[in-house]
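Written below as structure tokens is the structure these notes are about.
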Amino acid sequence: MKIALGSDHAGYQLKRQVMDHLHKQGIECEDFGAPNAVDAASYVPAAVAVSRAVLEKRADYGIVICGTGLGISITANKHKGIRAALCTNEYMARMARQHNNANVLGMGARVIGSALAFSIVDAFLSEPFEMGGRHQVRVDEIIATEEANFK
Ligand code: RB5
């Protein structure tokens with residue numbers, strides 16, 4: 001499994017902690033910036049780079065982190081085919097996969113601590129999508145909505 005990660009300066013430290021956590025499990029990671037926690041950096045380029053990596057299948061999933069997780073998740077969701085889910089607990093992470101087939105996990109470094117972030121990441125990466133049922137119908141509706149609204 002390969003994970004694409006991106007952050008702004010506010011999410012940098014948690015992103016690196018999450019990368020260490022994933023490396024310990026033998027999961028390959030690619031960091032699409034920001035490069036440090038010191039220089040103020042927009043979350044937009046990182047969200048774009050992670051989303052493209054997922055859409056082009058250079059990564060299985062994306063993880064995006066900013067201060068709140070909001071800006072970077074909103075930006076990721078501007079890409080056709082990306083379903084980015086901002087999660088603040090393990091239950092949301094499980095449901096994001098099981099019901100929404102989310103392919104990008106968003107988190108807020110100023111909202112949650114690293115221990116909770118690790119359990120959210122583990123839940124997100126281990127939970128399968130519930131194929132074939134009513135949630136498949138909902139996700140197909142999301143895809144149809146994209147088709148109707150994205151240029
Ligand atoms: C940066 O100060 C902060 O605005 C950003 O990390 C994020 O929370 C925006 O949504």
Side-chain angles (χ1 to χ4, degrees), residues 1-25 27-127 129 135 138-139 141-143 145-151:
M1 186 186 291
K2 184 169 173 184
I3 308 300
L5 294 99
S7 72
D8 66 356
H9 59 289
Y12 175 82
Q13 193 186 357
L14 182 60
K15 176 184 66 181
R16 299 304 298 192
Q17 290 172 323
V18 167
M19 286 179 70
D20 285 347
H21 177 72
L22 293 173
H23 282 145
K24 283 180 193 150
Q25 299 175 55
I27 296 174
E28 196 185 342
C29 296
E30 187 167 354
D31 183 357
F32 288 91
N36 61 62
V38 179
D39 305 310
S42 166
Y43 47 78
V44 173
V48 170
V50 167
S51 299
R52 287 189 181 152
V54 172
L55 291 171
E56 291 164 12
K57 301 193 187 314
R58 287 179 281 116
D60 297 289
Y61 296 104
I63 297 178
V64 292
I65 307 175
C66 65
T68 57
L70 289 166
I72 205 159
S73 299
I74 290 169
T75 310
N77 276 317
K78 298 300 177 190
H79 296 77
K80 188 175 178 180
I82 292 295
R83 291 177 297 281
L86 173 58
C87 297
T88 57
N89 60 52
E90 213 180 298
Y91 175 74
M92 291 176 77
R94 287 200 188 287
M95 292 305 106
R97 290 287 311 126
Q98 204 184 101
H99 288 188
N100 311 118
N101 202 9
N103 48 14
V104 173
L105 167 64
M107 294 189 292
R110 294 173 179 164
V111 179
I112 57 171
S114 58
L116 179 53
F118 298 161
S119 65
I120 288 171
V121 167
D122 291 347
F124 187 88
L125 296 183
S126 61
E127 192 72 25
F129 175 53
H135 299 297
R138 308 277 185 266
V139 173
E141 285 182 305
I142 294 173
I143 293 166
T145 304
E146 283 180 338
E147 291 297 332
N149 291 291
F150 277 68
K151 298 278 179 239

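Counting starts at 1 for both ligands and their atoms, in listed order.
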For ligand 1, which atoms sit closer than 4.0 Å to a heavy atom of A10?
6 (O)

Residue and atom name of the nearest protein heavy atom (relative to atom 10 (O) of ligand 1), distance in Å to one decimal
G71 N, 2.9 Å

Rounded to the nearest 0.5 Å, the CD atom of E30 sits from the CE atom of M19 at a distance of 8.5 Å

Just let me know how C66 lines up against ligand 1, side chain, backbone, both or neither, with a heavy-atom cut-off below 4.0 Å.
both

Indicate, as side chain, backbone, both or neither, the part of D8 found under 4.0 angstrom from ligand 1 when only non-hydrogen atoms are considered.
side chain

How about H21 and Q17: does a side-chain donor come under 3.5 Å of a side-chain acceptor?
no

Nearest 0.5 Å please: distance from the CZ atom of R16 over to the CG atom of D31.
5.0 Å

Donor-acceptor check, side chain of N103 to backbone of G81, threshold 3.5 angstrom: yes or no?
yes

Starting from atom 3 (C) of ligand 1, what is the nearest protein heavy atom, named by residue and atom, and what distance separates them?
R110 NH1, 3.9 Å

What atoms of ligand 1 come closer than 4.0 angstrom to any heavy atom of T68?
7 (C), 8 (O), 9 (C), 10 (O)

Do me a favour and list the nearest non-hydrogen protein atom to atom 9 (C) of ligand 1 with residue, atom name and distance?
Y43 CE2, 3.5 Å

Taking atom CD as the centre, does E90 end up with more than 12 heavy-atom neighbours from other residues, nucleotides or ligands that are less than 6.0 angstrom away?
yes

Determine if the distance from atom 6 (O) of ligand 1 to the closest protein heavy atom is below 4.0 Å.
yes

I need the atoms of ligand 1 closer than 4.0 Å to a non-hydrogen atom of G67, numbered in the order shown.
5 (C), 6 (O), 7 (C), 8 (O)

May I ask you to decide if G33's main-chain N or O and K15's side chain share a donor-acceptor pair within less than 3.5 Å?
yes

Could you give the distance from OG (S51) to CG (N77), rounded to the nearest 0.5 Å?
8.0 Å

